[in-house]
Amino acid sequence: MKQESLFIHAGHHQLHLRHIYKVKGGAPILMLHGSIENGKIFYTEKGKGLGCYLADQGFDVFIADFRGKGKSLPPIHEDTNHGQFEMITQDVPELLQYVHDKTGKKVHLICHSWGGVILASSLIRKPHLADLISSKLCFGTKRSIRIKSFEKFIKLDLLWNKLLPHIARKTGYVNAEKLKFGADSETLSFLQQSSQWINKGEWQDPVDKYDYIGQVSQVNWPATWHITGIKDSLLGNVHDVRGFIDEYNKDSKFNLLSKENGNKLDYDHINILTHPEAINDHFPDIVDWLNKHT
């Protein structure tokens, strides 16, 4: 298996793609990470993770770092002011077009958490991009958190909505890795823009007031599969994932991974992608799904 770093020039940013493959010419896959993380949620340099597993099965895998994340340049710092608006309007179109042009084939999209919201929003703004996609698979993706729990009060109401924006105003950004709250940094703009969707539930762009929900029907949605784990109690809660499906693409396939449903363990928001048992559990089903829609 081979790994290499590719860079896409997007304005004064260089978007990083980790290219992982075993053989050339396989069906291409573009993987998009969620908030306070980077592409490493899908791979390790030692060959672990869903991205490496799929490359070993013959797929041509490209794992993105959104602007300022992972190995993308420049990294998020105290003067960074971009947010999810730039990810939606610039990063996703650039990344998808690059992989499509490089391979000459339609692309499978695999997303984790908020990455699935960013992708869906980008496709609504630019419906023609759907013509470049073979299938779309999302892990633990919700757009709004509507459940009520003590965990939500601590992690969302206090930490995400109040403490992290306060830190970002003081320092210019949030270093989630240093705070041991995540794997990568976020800007104040991202926190403010994403919070409006997570809390209020209105799918309207905070920057230019674009009406996403009003344009959902304009997209010829590719075959879509949403997966979440039964122990994903907040960030990919089954009720909120289903709510997102009902909001934009009711034809999506859905699976809840749990022992009760025949899986090897009750998965949560992170180990649904990282647990060693996943390669013998739901990862083979993903290969079947991708082959079916190639």
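Position 1 is the first residue of the sequence, and the numbers go up from there.
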Item checked: Non-hydrogen side-chain atoms of L50 and M31 separated by less than 4.5 Å -> yes
Checklist line | Non-neighbouring partners of K22 that pass side-chain hydrogen bond (donor to acceptor under 3.5 Å, both in side chains), sequence neighbours left out | finding: D56
Note to self: Before you tell me yes or no, could you show the steps for E151 and S233 under side-chain hydrogen bond (donor to acceptor under 3.5 Å, both in side chains), namely the whole-Å CA-CA distance, both residues' side-chain angles and the distance that decides it to 0.1 Å?
What the structure shows: CA-CA 8 Å; E151 183 183 15; S233 55; 2.5 Å; yes
Checklist line | D240/K152 ion pair, N-O < 4.0 Å | finding: no
Next item on the list: Grab the two heavy atoms, one from I272 and one from F283, that are nearest each other, plus how far apart they are.
Entry: O-CE1, 3.9 Å
Check: Which residue pairs pass the salt bridge (charged side-chain N to carboxylate O under 4.0 Å, His left out) test with at least one member in residues 35-44, sequence neighbours excluded?
Finding: none
Note to self: Between E45 and K71 (salt bridge meaning N to carboxylate O under 4.0 Å), is one present in this structure?
What the structure shows: yes
Checklist line | Rounded distance [0.5 Å steps], CG in L191 versus NE2 in H166 | finding: 13.0 Å
Margin query: Between L15 and D65, is there a side-chain heavy-atom distance shorter than 4.5 Å?
Written below: no
Margin query: Just verifying a value: how many Å separate D251 CG and Y248 OH, rounded to the nearest 0.5 Å?
Written below: 10.5 Å
Margin query: Rounded at 0.5 Å granularity, tell me how far CG in L257 sits from CG in D268.
Written below: 11.0 Å
Check: For N280, which residues count as a side chain to side chain contact (heavy atoms under 4.5 Å, CB included) partner, sequence neighbours excluded?
Finding: K264, E277
Distance-only check: which donor-acceptor pairs under 3.5 Å involve side-chain atoms of residues 85-92, not counting sequence neighbours?
from	atom 1	to	atom 2	distance (Å)
E86	OE1	G83	N	2.7
T89	OG1	F85	O	2.8
Q90	OE1	R67	NH2	3.1
D91	OD1	R67	NE	2.9
D91	OD1	R67	NH2	2.9
D91	OD2	R67	N	3.2
D91	OD2	R67	NE	3.3

Item checked: H269 and S113: side chain donor to acceptor below 3.5 Å -> yes
Margin query: Ring-plane angle category for Y212 and W197, please: parallel below 30°, perpendicular beyond 60°, tilted otherwise.
Written below: perpendicular
Check: Are S121 and W203 close enough, and set up right, to give a side-chain hydrogen bond (donor to acceptor under 3.5 Å, both in side chains), and what steps lead you there?
Finding: CA-CA 9 Å; S121 302; W203 204 356; 3.3 Å; yes
Check: What residues, two or more places apart in sequence or in another chain, satisfy side-chain hydrogen bond (donor to acceptor under 3.5 Å, both in side chains) together with E247?
Finding: R143
Notebook entry, point to check: By side-chain hydrogen bond (donor to acceptor under 3.5 Å, both in side chains), which residues pair with N161, not counting sequence neighbours?
Noted result: N199
Margin query: Could you tell me if W221 and S252 have a donor-acceptor pair between their side chains, going purely by distance under 3.5 Å?
Written below: no
Checklist line | Contacts of type side chain to side chain contact (heavy atoms under 4.5 Å, CB included), residue F254, not counting sequence neighbours | finding: H226, T228, V238, V241, R242, I245, L256
Check: How would you list, by chain and number, every residue that makes a side chain to side chain contact (heavy atoms under 4.5 Å, CB included) with S185, sequence neighbours excluded?
Finding: I76, Y173, N175
Margin query: Atom CD of residue position E4 - does it have more than 12 heavy atoms of other residues, nucleotides or ligands inside 6.0 Å?
Written below: yes
Note to self: Using every non-hydrogen atom in the two residues, find where F59 and V287 come nearest and quote the distance to one decimal.
What the structure shows: CE1-CG1, 4.1 Å
Next item on the list: Taking atom types as modelled, find out whether W160 and S195 have a side-chain donor-acceptor pair closer than 3.5 angstrom.
Entry: yes
Checklist line | T224/N249 under side-chain hydrogen bond (donor to acceptor under 3.5 Å, both in side chains): CA gap, chis, key distance, verdict | finding: CA-CA 8 Å; T224 301; N249 185 6; 3.3 Å; yes
Checklist line | Partner residues of F62 under the ring-ring contact (aromatic ring centres under 6.0 Å, His included) criterion, sequence neighbours left out | finding: H19
Checklist line | Heavy-atom neighbours of K253 NZ exceed 12 at 6.0 Å | finding: yes
Note to self: Nearest 0.5 Å, please: how far is NZ in K155 from CZ in F181?
What the structure shows: 7.5 Å
Next item on the list: Indicate whether any N or O donor in one side chain lies under 3.5 Å from an N or O acceptor in the other, for H16 and S5.
Entry: yes
Notebook entry, point to check: Which residues pass the side-chain hydrogen bond (donor to acceptor under 3.5 Å, both in side chains) test with Y210, sequence neighbours left out?
Noted result: none
Next item on the list: Flag yes if more than 12 heavy atoms outside Q215 fall under 6.0 Å of its CD atom; otherwise flag no.
Entry: yes
Checklist line | Test ring-ring contact (aromatic ring centres under 6.0 Å, His included) applied to Y267 - qualifying residues, sequence neighbours left out | finding: H282
Check: Can K106 and D131 be counted as an ion pair, charged N to O under 4.0 angstrom?
Finding: no
Check: Q192: what forms a side chain to side chain contact (heavy atoms under 4.5 Å, CB included) with it, not counting sequence neighbours?
Finding: R169, L188
Notebook entry, point to check: Ignoring hydrogens and geometry, is there a side-chain-to-backbone donor-acceptor pair from N263 to L265 under 3.5 Å?
Noted result: no
Notebook entry, point to check: Any side-chain donor paired with an acceptor under 3.5 Å for H293 and S134?
Noted result: no
Check: Say you draw a straight line from CG of L96 to CG of L132; how long is it, rounded to the nearest 0.5 Å?
Finding: 5.0 Å
